[in-house]
Amino acid sequence: SRLNNDAEGARQNLEMARRMVQFSRAEVRHSLWNLESQLLQDGNLGAALTEIARQMSAGNTVAATVEISGPPRPLPAAAEHHLVRCSQEALNNALRHSRGTEVIISLSRKGDTVRLTVADDGVGFSNKAGLRASMGLKTMEYRARALGAALEIRRCSPRGTLVSCT
């Protein structure tokens, strides 16, 4: 049967799903308590973003990469926490909804300005009003306000979506 012919593929998919569930469960527990992500315990935001991209895109058809520019210097723990959570939500949305092939998470520092962007090459969105109603977007907006930052979500040309927190 077809299932027997693709048993190895099914096994790999189940193993990937198991790893993603384990990672997500640990992160959800920390989120619920609004604790710092375990990935930030070393105080390295770039490494935390890279690990999030690796974990969340493992076994997915969408490639997630991280680009970091500017001088590496630590931010206050609360700022790093909010940026990690915003990147997770934006990456999750891109992986679930974009139907694209690539997501790029960028962290740039210039002077006192820090900018986090998550961009995909997917289908974009057609209903900005529907975006405003989503719990994930409300959470990202809350986190941006907590940082004193601006959250921007826009459709890119010719394809994709860009989420930016500056």
Side-chain angles (χ1 to χ4, degrees), residues 1-69 72 77 80-108 115-127 130-131 133-143 151 153-165:
S1 80
R2 185 173 176 211
L3 183 59
N4 289 335
N5 291 339
D6 198 20
E8 181 59 23
R11 188 193 65 72
Q12 288 175 351
N13 285 339
L14 286 172
E15 179 59 26
M16 178 204 53
R18 185 188 64 76
R19 285 193 317 268
M20 289 177 71
V21 167
Q22 286 176 328
F23 175 77
S24 297
R25 286 181 65 200
E27 287 296 306
V28 165
R29 278 193 294 274
H30 287 284
S31 292
L32 289 174
W33 292 102
N34 204 23
L35 296 173
E36 181 179 290
S37 170
Q38 289 179 331
L39 298 173
L40 286 169
Q41 288 181 348
D42 294 335
N44 186 333
L45 179 58
L49 294 174
T50 300
E51 181 61 14
I52 287 166
R54 186 187 72 74
Q55 286 277 346
M56 290 181 71
S57 66
N60 201 306
T61 58
V62 180
T65 58
V66 176
E67 299 174 349
I68 299 172
S69 63
E80 289 186 346
H81 172 75
H82 288 305
L83 289 172
V84 160
R85 297 300 183 212
C86 282
S87 70
Q88 283 178 305
E89 182 61 34
L91 178 57
N92 181 55
N93 287 342
L95 293 173
R96 289 180 56 210
H97 305 296
S98 77
R99 296 186 299 219
T101 60
E102 182 178 30
V103 179
I104 299 172
I105 301 171
S106 300
L107 178 67
S108 61
R115 180 181 172 131
L116 172 73
T117 62
V118 179
D120 67 66
D121 65 349
V123 296
F125 56 89
S126 59
N127 181 357
L131 282 175
S134 83
M135 184 59 153
L137 178 63
K138 289 178 183 178
T139 302
M140 285 192 291
E141 288 174 335
Y142 164 80
R143 292 185 183 286
L151 182 73
I153 301 173
R154 64 181 166 89
R155 188 174 187 159
C156 297
S157 179
R159 295 177 48 94
T161 301
L162 175 83
V163 178
S164 174
C165 184

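Computed from a predicted structure; not experimentally measured. Computed from heavy atoms alone, side chains included, the values below leave out hydrogens, waters and symmetry copies.
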Rounded distance [0.5 Å steps], SG in C165 versus CZ in R85: 14.5 Å

Residues V118, M140; criterion side chain to side chain contact (heavy atoms under 4.5 Å, CB included); working and verdict: CA-CA 12 Å; V118 179; M140 285 192 291; over 6 Å; no

Below 3.5 Å, can you tabulate the donor-acceptor pairs from side chains in residues 57-66 to any protein atom, sequence neighbours excluded?
unit_1, atom_1, unit_2, atom_2, d
S57, OG, A53, O, 2.6
N60, OD1, V62, N, 3.1

R143 CZ to H81 NE2 distance, which is reported to the nearest 0.5 Å: 4.5 Å

Distance (rounded to the nearest 0.5 Å) between L151 CG and L137 CG: 6.5 Å

Spacing of L83 atom CG and Q88 atom CD [to the nearest 0.5 Å]: 11.5 Å

Point-to-point distance, once rounded to the nearest 0.5 Å, from CD of E141 to CD of E89: 11.5 Å

Contacts of R11 that satisfy salt bridge (Lys or Arg N to Asp or Glu O under 4.0 Å) - sequence neighbours left out: E8

With a 3.5 Å cut-off and sequence neighbours excluded, list the donor-acceptor pairs that the side chains of residues 96-107 form with protein atoms.
unit_1, atom_1, unit_2, atom_2, d
S98, OG, A94, O, 2.7
S98, OG, G100, N, 3.0
T101, OG1, D121, OD2, 2.7

From CG (N93) to CD1 (I153), nearest 0.5 Å: 8.0 Å

Set of salt bridge (Lys or Arg N to Asp or Glu O under 4.0 Å) partners for E51, sequence neighbours left out: R54

Student check: side-chain heavy atoms of I52 and L91 closer than 4.5 Å: yes

Pairwise side-chain contact, L49 with I68, heavy-atom cut-off 4.5 Å (strictly under): no

Non-neighbouring partners of M20 that pass side-chain contact (heavy atoms from CB on, under 4.5 Å), sequence neighbours left out: M16

Partners meeting side chain to side chain donor-acceptor pair (under 3.5 Å) with E15 (sequence neighbours left out): R18

